[in-house]
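Excluded from the calculations below are hydrogen atoms, water molecules and symmetry mates; all remaining heavy atoms, backbone and side chain alike, are included. Here, residue 1 is the first one in the sequence, and each next residue gets the next number.
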Amino acid sequence: MAGLLLILTLTAGCGRLGQVPPRFLPEEYQEVSLGQLRDHAAARALSGRRVRFQAYFWEYLAYDPAMLSNYALLARHPRSWWNLRWASLYESPRLQGFYDRLAVDVGQQTRLKPRRLTRLLIYGEVLPLGARLTYVRLHRAEELEPH
């Protein structure tokens, strides 16, 4: 019984799994920086908001960037969570400002195949991932010209 109570407590306090909206309206997305998303306090303040920001793609990850927090989400969304993949980004082409909590689904990963350091304009939703962390659920990404 104590184990069940612990699981319920963890899953109740964990984040939520976002969905890609059926219609894309760019004006609904607030301009932010990747630096704001990397800052825990600033990112928590953006939780639940649709945002757009520029970043440099690095790679799709072979590891889970927030394993403990993700287990709680997995318990709440066992089917949908396995469909998500993680990507890492940098704030600059000089590999400064690393961020590894961009969630993409398998279909998005199949369609979006940027090379390393491709400059992207990313549209997504900031969502809670456990008590302190957030992640960005990708809605859309557009390749931009290099600086």
Side-chain angles (χ1 to χ4, degrees), residues 6-144 146:
L6 176 63
I7 289 172
L8 289 174
T9 302
L10 284 174
T11 58
C14 73
R16 65 184 180 92
L17 188 65
Q19 301 294 322
V20 176
R23 286 185 26 200
F24 174 71
L25 300 170
E27 62 274 5
E28 292 182 352
Y29 294 79
Q30 175 184 345
E31 184 84 30
V32 298
S33 70
L34 188 54
Q36 288 174 279
L37 297 171
R38 291 178 49 242
D39 178 86
H40 295 301
R44 289 297 290 178
L46 291 168
S47 188
R49 294 195 185 159
R50 291 181 179 178
V51 297
R52 73 176 175 268
F53 60 96
Q54 292 184 26
Y56 292 85
F57 178 82
W58 185 246
E59 67 183 351
Y60 289 108
L61 304 177
Y63 65 88
D64 189 333
M67 189 179 307
L68 292 177
S69 297
N70 289 343
Y71 282 138
L73 268 172
L74 172 62
R76 286 182 69 187
H77 308 281
R79 288 187 183 169
S80 302
W81 193 254
W82 289 112
N83 190 37
L84 290 183
R85 303 293 182 263
W86 296 99
S88 61
L89 309 166
Y90 279 101
E91 204 166 346
S92 83
R94 293 186 199 101
L95 305 181
Q96 296 168 329
F98 183 72
Y99 183 79
D100 65 352
R101 291 186 316 274
L102 178 68
V104 301
D105 63 42
V106 173
Q108 290 170 325
Q109 184 181 9
T110 302
R111 289 186 304 277
L112 184 64
K113 295 185 184 267
R115 295 182 4 204
R116 279 197 169 164
L117 296 179
T118 298
R119 191 167 143 239
L120 298 173
L121 178 58
I122 296 171
Y123 296 87
E125 184 176 2
V126 179
L127 296 168
L129 182 62
R132 290 194 59 230
L133 294 177
T134 58
Y135 72 101
V136 174
R137 174 64 170 95
L138 179 72
H139 291 175
R140 182 185 185 116
E142 300 171 359
E143 288 191 18
L144 299 173

Taking ring pair (Phe, Tyr, Trp, His ring centres under 6.0 Å) as the definition, give me every residue that meets it alongside Tyr123, ordered by chain and number, with sequence neighbours left out.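 With sequence neighbours excluded, Tyr123 shows a ring pair (Phe, Tyr, Trp, His ring centres under 6.0 Å) to Phe24, Tyr29, given in chain and number order.
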Can you check side chain to side chain contact (heavy atoms under 4.5 Å, CB included) on Leu95 and Trp58, steps first, answer last? CA-CA 9 Å; Leu95 305 181; Trp58 185 246; 3.6 Å; yes
Return the set of residues passing side chain to side chain donor-acceptor pair (under 3.5 Å) with Ser92 (not counting sequence neighbours), or none when no residue passes.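 Gln96.
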Chi angles and distances behind the side chain to side chain contact (heavy atoms under 4.5 Å, CB included) call for Val136, Phe53: CA-CA 11 Å; Val136 174; Phe53 60 96; 4.1 Å; yes
What are the two closest heavy atoms between [X] and [Y], and how far apart are they?
{"X": "Asp105", "Y": "Arg137", "answer": "OD2-NH2, 3.2 Å"}
{"X": "Pro21", "Y": "Arg50", "answer": "CB-NH2, 3.5 Å"}
{"X": "Leu117", "Y": "Tyr56", "answer": "O-CD2, 3.5 Å"}
{"X": "Gly97", "Y": "Leu34", "answer": "O-CD2, 3.8 Å"}
{"X": "Ala43", "Y": "Val126", "answer": "O-CG1, 3.6 Å"}

Please name all residues satisfying salt bridge (Lys or Arg N to Asp or Glu O under 4.0 Å) with Arg132, sequence neighbours left out, ordered by chain then number.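 Arg132: no salt bridge (Lys or Arg N to Asp or Glu O under 4.0 Å) contacts found.
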Does Glu27 have any salt bridge (Lys or Arg N to Asp or Glu O under 4.0 Å) partners at least two apart in sequence or in another chain, and if so, which?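 If we apply the salt bridge (Lys or Arg N to Asp or Glu O under 4.0 Å) test to Glu27, skipping adjacent residues, there are no hits.
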What is the distance from atom [atom1] of [X] to atom [atom2] of [Y], rounded to the nearest 0.5 Å?
{"X": "Phe57", "Y": "Ser88", "atom1": "CZ", "atom2": "OG", "value": "6.5 Å"}
{"X": "Leu129", "Y": "Ser47", "atom1": "CG", "atom2": "OG", "value": "10.0 Å"}
{"X": "Arg111", "Y": "Arg140", "atom1": "CZ", "atom2": "CZ", "value": "10.5 Å"}
{"X": "Leu138", "Y": "Gln109", "atom1": "CG", "atom2": "CD", "value": "11.0 Å"}
{"X": "Gln30", "Y": "Arg52", "atom1": "CD", "atom2": "CZ", "value": "9.0 Å"}
{"X": "Glu31", "Y": "Leu121", "atom1": "CD", "atom2": "CG", "value": "7.0 Å"}

Heavy-atom side-chain proximity of Glu143 to Leu120 below 4.5 angstrom: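 A side-chain contact under 4.5 Å exists here.
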Any Leu133 side-chain heavy atom under 4.5 Å of His40 side chain: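 In contact.
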For Thr134, is there any backbone N or O sitting under 3.5 Å from a side-chain donor or acceptor partner on Arg101?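 Pair found, side chain donor or acceptor close to backbone of Thr134.
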Per the salt bridge (Lys or Arg N to Asp or Glu O under 4.0 Å) rule, what does the pair list look like for residues 34-45, sequence neighbours excluded?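 Of all non-adjacent pairs touching residues 34-45, those that pass salt bridge (Lys or Arg N to Asp or Glu O under 4.0 Å) are Arg38-Glu91.
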Leu112 and Tyr60: CA distance, side-chain angles, deciding distance, side chain to side chain contact (heavy atoms under 4.5 Å, CB included) verdict: CA-CA 11 Å; Leu112 184 64; Tyr60 289 108; 3.8 Å; yes
Going by ring-ring contact (aromatic ring centres under 6.0 Å, His included), name the pairs with one or both residues in residues 91-113, residues two or more places apart or in two chains.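 Applying ring-ring contact (aromatic ring centres under 6.0 Å, His included) to every pair that reaches into residues 91-113, excluding sequence neighbours, yields Tyr90-Phe98.
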For the pair Val20 and Gln108, evaluate side chain to side chain contact (heavy atoms under 4.5 Å, CB included) and give the outcome as yes or no after the intermediate values. CA-CA 10 Å; Val20 176; Gln108 290 170 325; 3.6 Å; yes
